[in-house]
A.B. asks: 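Input: one structure, supplied below.
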Amino acid sequence: MIVVGEIVTLKENKDFRRIYAKGRSYPSAVLISYVIKNRCGCVRIGITTGKKIGKAVLRNRSRRIIREAYREIADSVKPGHDLVFVARGKTPYVKSYDILRAMKKELKDAGVLK
């Protein structure tokens with residue numbers, strides 16, 4: 001677990017596997033969000049971009065725009081949840097506000113937004 005600014009990030013493979021196995025998923029055309037409660041009382045996020053997205057430049061762009069979209073809504077996320085965002089094939093080709101719109105809808109459906 002690494003703290004970047006005020007965002008606590010997930011890095012361990014076991015954490016990602018736990019969230020994939022036991023968390024709820026909320027898919028959209030540009031992003032998939034996995035949500036599960038945690039016991040630490042903080043919000044931890046992880047971002048996954050697979051090789052299907054493209055080469056390193058596209059994967060890094062996907063991570064950057066997902067991270068930027070999350071920063072916009074970070075204050076309105078209820079504490080006590082782990083979130084994993086998985087990039088899809090369209091993710092590197094859209095703007096961060098499109099990701100933000102999808103992320104808001106998915107997290108609202110999950111009941112994580114205040």
Side-chain angles (χ1 to χ4, degrees):
M1 184 168 59
I2 298 175
V3 178
V4 178
E6 296 175 11
I7 298 174
V8 181
T9 60
L10 297 169
K11 295 291 184 186
E12 297 283 326
N13 188 27
K14 65 180 182 177
D15 292 329
F16 282 91
R17 284 187 310 188
R18 177 181 59 87
I19 294 169
Y20 291 144
K22 298 185 180 186
R24 297 258 343 246
S25 66
Y26 300 90
S28 73
V30 293
L31 187 70
I32 303 172
S33 300
Y34 288 87
V35 179
I36 192 170
K37 283 189 171 259
N38 65 26
R39 291 190 215 137
C40 74
C42 63
V43 177
R44 301 184 302 179
I45 71 160
I47 299 172
T48 305
T49 54
K51 293 226 175 166
K52 287 182 183 179
I53 303 303
K55 298 209 182 269
V57 172
L58 294 176
R59 293 195 304 269
N60 288 333
R61 174 175 162 68
S62 298
R63 281 191 288 273
R64 275 197 318 271
I65 62 177
I66 290 171
R67 202 175 304 117
E68 183 57 36
Y70 178 75
R71 276 193 192 108
E72 296 284 325
I73 61 168
D75 295 335
S76 61
V77 176
K78 293 179 187 173
H81 291 88
D82 288 343
L83 309 172
V84 171
F85 300 110
V86 180
R88 300 192 90 172
K90 292 182 181 180
T91 305
Y93 304 106
V94 297
K95 300 289 184 184
S96 64
Y97 55 81
D98 295 326
I99 300 290
L100 176 64
R101 190 176 326 124
M103 193 180 287
K104 275 185 181 177
K105 181 186 180 310
E106 292 170 7
L107 295 180
K108 191 175 288 187
D109 290 347
V112 178
L113 290 181
K114 292 179 185 172

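Position 1 is the first residue of the sequence; numbering continues from there.
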A.B. asks: Output the distance between atom CZ (Phe85) and atom CZ (Arg67), rounded to the nearest 0.5 Å.
C.D. replies: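 Atom-to-atom, Phe85:CZ and Arg67:CZ are 12.0 Å apart.
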
A.B. asks: Do you know which two heavy atoms are closest between Ala69 and Ile99, and how far apart they sit?
C.D. replies: CB-CG2, 3.8 Å

A.B. asks: Which atom names give the shortest non-hydrogen contact between Cys42 and Cys40, and what distance separates them?
C.D. replies: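 Cys42 and Cys40 have their closest heavy atoms at SG-SG, 2.7 Å.
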
A.B. asks: Can you see which heavy atom on Val35 is nearest to which on His81, and at what distance?
C.D. replies: CG1-CD2, 4.0 Å

A.B. asks: With distance as the sole test, does Asn13 use its side chain to make a donor-acceptor pair with the main-chain N or O of Arg17 at under 3.5 Å?
C.D. replies: no

A.B. asks: Tell me whether Ile53 is reachable from Ile47 by hopping between hydrophobic residues (I, L, V, M, F, W, Y) whose side-chain heavy atoms are closer than 4.5 Å.
C.D. replies: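 Unlinked, Ile47 and Ile53 end up in two clusters.
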
A.B. asks: Linking I/L/V/M/F/W/Y whenever their side-chain heavy atoms sit closer than 4.5 Å, directly or via other members, would Leu58 and Val30 fall into one cluster?
C.D. replies: no

A.B. asks: Return the minimal non-hydrogen interatomic distance between Thr49 and Ala87, and the atom names on each side.
C.D. replies: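 Taking every non-hydrogen atom into account, CG2-CB, 3.5 Å.
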
A.B. asks: Between Ser25 and Ile32, which heavy-atom pair has the shortest distance, and what is it?
C.D. replies: CB-CG2, 4.4 Å

A.B. asks: What's the separation between atom CD1 in Ile65 and atom CG in Leu100, rounded to the nearest 0.5 Å?
C.D. replies: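 Taking CD1 in Ile65 and CG in Leu100, the distance rounds to 11.5 Å.
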
A.B. asks: Show the nearest heavy-atom pair for residues Gly41 and Pro79, with the distance to one decimal.
C.D. replies: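 Answer, listing the atom of Gly41 first, then Pro79: O-CB, 3.4 Å.
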
A.B. asks: Sequence neighbours left out, what pairs pass salt bridge (charged side-chain N to carboxylate O under 4.0 Å, His left out) with at least one residue falling in residues 105-114?
C.D. replies: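 Residue pairs with at least one partner in residues 105-114: Lys105-Asp109.
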
A.B. asks: Does the pair Val77 and Leu113 meet the rule for a side chain to side chain contact (heavy atoms under 4.5 Å, CB included), with working shown?
C.D. replies: CA-CA 5 Å; Val77 176; Leu113 290 181; 4.0 Å; yes

A.B. asks: Do you see a donor-acceptor pair shorter than 3.5 Å between the side chains of Thr48 and Tyr20?
C.D. replies: yes

A.B. asks: Salt bridge (charged side-chain N to carboxylate O under 4.0 Å, His left out): which pairs involve residues 81-98, sequence neighbours left out?
C.D. replies: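 Listed once each, the pairs are Arg18-Asp82, Arg44-Asp82, Asp98-Arg101.
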
A.B. asks: Quick one: pull up CG in Leu31 and OG1 in Thr91 and give me the separation to the nearest 0.5 Å.
C.D. replies: 6.0 Å

A.B. asks: So do Tyr70 and Val43 actually touch side chain to side chain, heavy atoms under 4.5 Å?
C.D. replies: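 In contact.
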
A.B. asks: Rounded to the nearest 0.5 Å, what separation is found between the CD1 atom of Ile19 and the CG atom of Leu10?
C.D. replies: 5.0 Å

A.B. asks: Going by salt bridge (charged side-chain N to carboxylate O under 4.0 Å, His left out), name the pairs with one or both residues in residues 47-57, residues two or more places apart or in two chains.
C.D. replies: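 Sorted pair list comes back empty.
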
A.B. asks: Give a yes or no on whether the backbone of Gly50 and the side-chain of Arg59 come within a donor-acceptor separation of less than 3.5 Å.
C.D. replies: no

A.B. asks: Quick one: pull up CZ in Arg71 and CD in Glu68 and give me the separation to the nearest 0.5 Å.
C.D. replies: 5.5 Å

